[in-house]
Amino acid sequence: MVTITFTNSKSGKEEIFEPINPQNVRLYVCGPTVYDRAHLGNARPVVVFDILYRLLQHVFGKQNVSYARNITDIDDKIIERAGIENVAIDVLTRTTHRWFRDDMAELGVDYRDDPRFFEPRATEYIDEMLRMITGLIAQGHAYEAERHVLFSVESYSDYGCFSGRSVEDMIAGSRVEVAPYKKNPMDFVLWKPSADDQPGWESPWGFGRPGWHIECSAMSHALLGESFDIHGGGADLKFPHHENEIAQSKCFSPNSDFARYWLHNEMLQVDGKKMAKSVGNFFTVRDLLDQSIPGEVIRFVLMSTHYRKPMDWTQKKIRDARTILRKWHDMTMDVSAGTPPHAIVEALASDLNTAAALAELHRLASEGDVQGLKSGADFLGLLQSGSDGWLNADPENVDSRLVEKVEYWINRRAAARADKNYSRADEIRANLASIGIMITDSPNGTTWEQDLEHEHLGNWEMLE
RNA sequence: GGUGAGUUGGCGGAGUGGUUACGCAGCGGAUUGCAAAUCCGUGUACACCGGUUCGAAUCCGGUACUCACCUCCA
């Protein structure tokens with residue numbers, strides 16, 4: 001049996017992973033709020049925890065691991081967006097959810113046929129949330145005020161322990177807005193009133209909707225039980241979201257552990273800066289796919305940095321990943337995947353060291369172990385498809401007139417080469433290269449492809 | 001102001017108290033009409049200042065810099 005270790009955010013230390021029940025290993029990860037296309041930052045935890053899920057399945061057996069990743073489909077951002085676009089909330093969330101699933105599938109994260117994967121939508125668990133809120137009020141951890149229900153942070157002495165903050169510090173240094181009905185400025189909303197034109201549900205406290213944090217407590221409780229093994233999410237969720245989740249769940253089920261191991265992935269940056277619309281470096285996964293960057297390349301880049309380190313997204317990484325994957329695809333074209341090499345599993349078992357796992361693939365490649373390479377890559381969700389899809393220009397996307405033009409020039413060049421007129425042959429090759437058409441000679445003839453990042457791509461006028 | 005993460009060779013990026021990470025790029029060579037690809041070989045490193053140690057890039061303390069989070073509230 002492989003020993004798995006994780007850095008547990010709860011303790012800040014690397015710990016040996018021991019599941020509550022090896023026959024029922026349970027993982028919960030905070031999923032997206034569905035109001036827009038997933039941006040690249042959203043993709044990082046999805047890929048990181050996909051790797052974790054694969055590892056757990058490998059070590060404990062596929063049927064013994066459950067994974068729940070929620071869909072937040074009730075949220076003020078959703079209400080706002082639906083208003084702006086004048087669409088029904090339900091239409092917005094279902095469409096966005098579908099986009100999310102499709103985009104993530106491109107990155108090799110696809111659980112469509114997996115009975116142990118759960119993707120609960122918050123609005124399907126309102127009853128569970130109401131039950132939990134009622135329980136928290138009954139136990140004195142929450143109170144009603146002006147149609148809101150608030151969690152009382154003073155009722156939970158460990159509040160702040162998880163994220164390493166004291167209630168005093170948070171109030172002292174910062175911009176906590178004090179609502180008049182709050183007993184303590186840090187108290188957070190479990191339930192809030194909805195206007196008639198806002199989505200809502202009947203509750204003991206009037207027509208309203210849940211606060212953000214309660215949904216994850218309710219869904220993990222319903223699907224995985226009051227104690228489960230691993231809770232994951234982005235580092236930005238540590239506070240307040242996860243702190244609040246812990247407070248709610250531990251107060252509701254005082255004898256539970258809630259989540260025993262917490263894993264947080266660090267944030268993604270773009271060219272050294274936070275990805276933000278205001279900085280102008282904001283883009284979605286779909287944007288990248290539309291630029292003909294294969295999902296596999298995106299996945300590779302995301303895996304090349306350890307999950308607990310900030311990752312910087314750059315063009316160079318995309319280029320490098322392309323080069324490497326192209327090579328590996330070529331090497332493993334006719335190989336089918338088998339059991340992953342032990343060293344790959346070991347690398348992941350060591351606090352999800354994906355970069356070390358990729359290094360191991362490099363080692364296998366340089367040793368010519370194509371079977372090991374294919375098997376290891378397959379385990380990591382790479383080299384899934386044949387190389388035809390993206391190594392060469394996709395025939396469906398290439399204009400037949402372009403093919404004709406390129407072939408015309410290739411034939412001219414072949415004639416020149418046959419005449420040993422090499423300066424003419426080189427001139428043709430240089431001309432094609434200047435508009436982004438790269439050609440390569442091989443014993444079987446001349447092949448070509450487009451450099452999709454080339455600035456003069458397809459600019460045939462330049463050849464005249 | 002509080003909290004956390006980070007700082008490794010041209011670039012990316014692991015790891016470890018004493019031994020080459022690895023990849024990309026570069027350089028030299030083989031091969032090719034020439035390129036490309038491939039193969040062989042090769043250089044460069046651990047932010048700064050102290051401390052612990054026979055020995056630290058790896059442990060401890062401090063400094064600098066970078067990044068993130070610290071609002072659910074109209």
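Below, chains carry the letters A, B, ... as their sequence lines are ordered, and counting in each starts from 1. Source: prediction; values computed, not measured.
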- Determine the interatomic distance between C1' on B/rA45 and the same-named atom on B/rC40; round to the nearest Å. 25 Å
- Indicate the ring-plane relationship of A/Tyr181 and A/His148, choosing parallel, tilted or perpendicular according to the 30° and 60° boundaries. parallel
- Side chains of A/Asp287 and A/Thr284: donor-acceptor distance under 3.5 Å anywhere? yes
- Task: Could you list all the ring pair (Phe, Tyr, Trp, His ring centres under 6.0 Å) pairs where at least one residue sits in residues 353-383 of chain A, not counting sequence neighbours?
- Result: A/His58-A/Phe379, A/Trp328-A/His362
- Message: In whole Å, measure the gap between the P atoms of B/rC46 and B/rA57 for me.
- Response: 8 Å
- Message: Would you say A/Ser249 and A/Ser217 are linked by a side-chain donor-acceptor pair, where the criterion is simply a distance under 3.5 Å?
- Response: yes
- Given RNA chain B, 5'-ward residue of the pair A/Asp312 and A/Ser366, judged by closest heavy atom: A/Asp312
- Given that A/Asp236 and A/Lys192 both sit by RNA chain B, which one's nearest nucleotide is further toward the 5' end? A/Asp236
- Got a salt bridge between A/Asp76 and A/Lys192, using NZ or NE/NH1/NH2 to carboxylate O under 4.0 Å? yes
- Between B/rG28 and B/rU8, how far is it from one P atom to the other, in whole Å? 29 Å
- Please report, rounded to the nearest Å, how far the P atom of B/rA14 is from the CE atom of A/Met311. 8 Å
- Task: Find the distance A/Leu364:CG to B/rC22:C1' and express it as a whole number of Å.
- Result: 12 Å
- Message: Measuring to OP1 and OP2 of B/rC11, would you say a side-chain N or O of A/Lys317 lies under 4.0 angstrom away?
- Response: no
- OG1 of A/Thr446 to CG of A/Asp441: how many Å apart, nearest 0.5 Å? 4.0 Å
- Item | P-based separation of B/rU19 from B/rA25 [nearest Å] | 29 Å
- Query: Does the side chain of A/Tyr143 come under 3.5 Å of the side chain of A/Asp187 through a donor N or O and an acceptor N or O?
  - Reply: yes
- With B for base contact, S for sugar-phosphate-only contact and - for none (protein heavy atoms under 4.0 Å), nucleotides 58-67 of chain B reads ---------S
- When the aromatic ring centroids of A/His141 and A/Tyr156 are compared, is their separation below 6.0 Å? no
- For A/His306, which contact category applies under a 4.0 Å heavy-atom criterion: base, sugar-phosphate, or nothing? sugar-phosphate
- Query: Is the shortest side-chain N to carboxylate O distance from A/Lys317 to A/Asp320 below 4.0 Å?
  - Reply: no
- Atom pair distance, as rounded to whole Å: CG in A/Asn421 and P in B/rC34: 16 Å
- Query: If we take the P atom in both B/rC24 and B/rA37, what is their distance in whole Å?
  - Reply: 11 Å
- Query: What is the distance, rounded to the nearest whole Å, between atom CD of A/Glu367 and atom C1' of B/rA21?
  - Reply: 14 Å
- Message: Using the C1' atom as the point on both nucleotides, what is the distance between B/rC67 and B/rG15, in whole Å?
- Response: 23 Å
- Could you give the distance separating B/rA5 and B/rA47 at their C1' atoms, to the nearest angstrom? 16 Å
- Item | Residues which pass side chain to side chain contact (heavy atoms under 4.5 Å, CB included) with A/Lys405, listed by chain and number, not counting sequence neighbours | A/Trp460
- Message: Do A/Arg81 and A/Thr96 pair up side chain to side chain, a donor and an acceptor below 3.5 Å, judged on atom types alone?
- Response: no
- Query: How is A/Thr305 classified with respect to the nucleic acid when contacts are heavy atoms under 4.0 Å: base, sugar-phosphate, or nothing?
  - Reply: sugar-phosphate
- Task: Determine the stems involving RNA chain B; a stem requires 3 or more consecutive pairs of the Watson-Crick or G-U wobble kind, each with both distances below 3.5 Å, and the answer is none if no such run exists.
- Result: B:1-7 with B:64-70, B:10-12 with B:22-24, B:26-30 with B:38-42, B:47-51 with B:59-63
- Item | Spacing of the P atoms in B/rA56 and B/rC48 (rounded, Å) | 15 Å
- Query: Separation of A/Trp313 atom CH2 from B/rG13 atom P, in whole Å?
  - Reply: 12 Å
- Message: In this structure, how many angstroms lie between the C1' atom of B/rG12 and the CG atom of A/Leu302, rounded?
- Response: 14 Å
- Rounded distance (Å) that lies between atom C1' of B/rG12 and atom CD of A/Gln315: 15 Å
Using the 3.5 Å cut-off, write out each protein N or O paired with an N or O of nucleotides 24-26 of chain B and the distance between them.
from, atom 1, to, atom 2, distance (Å)
B/rC24, O2', A/Asp320, OD1, 2.9

Could you pull out the protein-nucleic contacts involving nucleotides 29-33 of chain B (nitrogen or oxygen on both sides, under 3.5 Å)?
from, atom 1, to, atom 2, distance (Å)
B/rG33, O6, A/Arg413, NH2, 3.4
B/rG33, O6, A/Arg417, NE, 3.3
B/rG33, N1, A/Asp426, OD1, 3.0
B/rG33, N2, A/Asp426, OD1, 3.3
B/rG33, N2, A/Asp426, OD2, 2.7

- Task: Take atom CD1 of A/Ile84 as the centre, draw a 6.0 Å sphere, and report whether it contains more than 12 heavy atoms from other residues, nucleotides or ligands.
- Result: yes
- Query: Ring centroid separation for A/Phe252 and A/His221, is it under 6.0 angstrom?
  - Reply: yes
- Message: How many whole angstroms separate atom NZ of A/Lys238 from atom C1' of B/rG2?
- Response: 14 Å
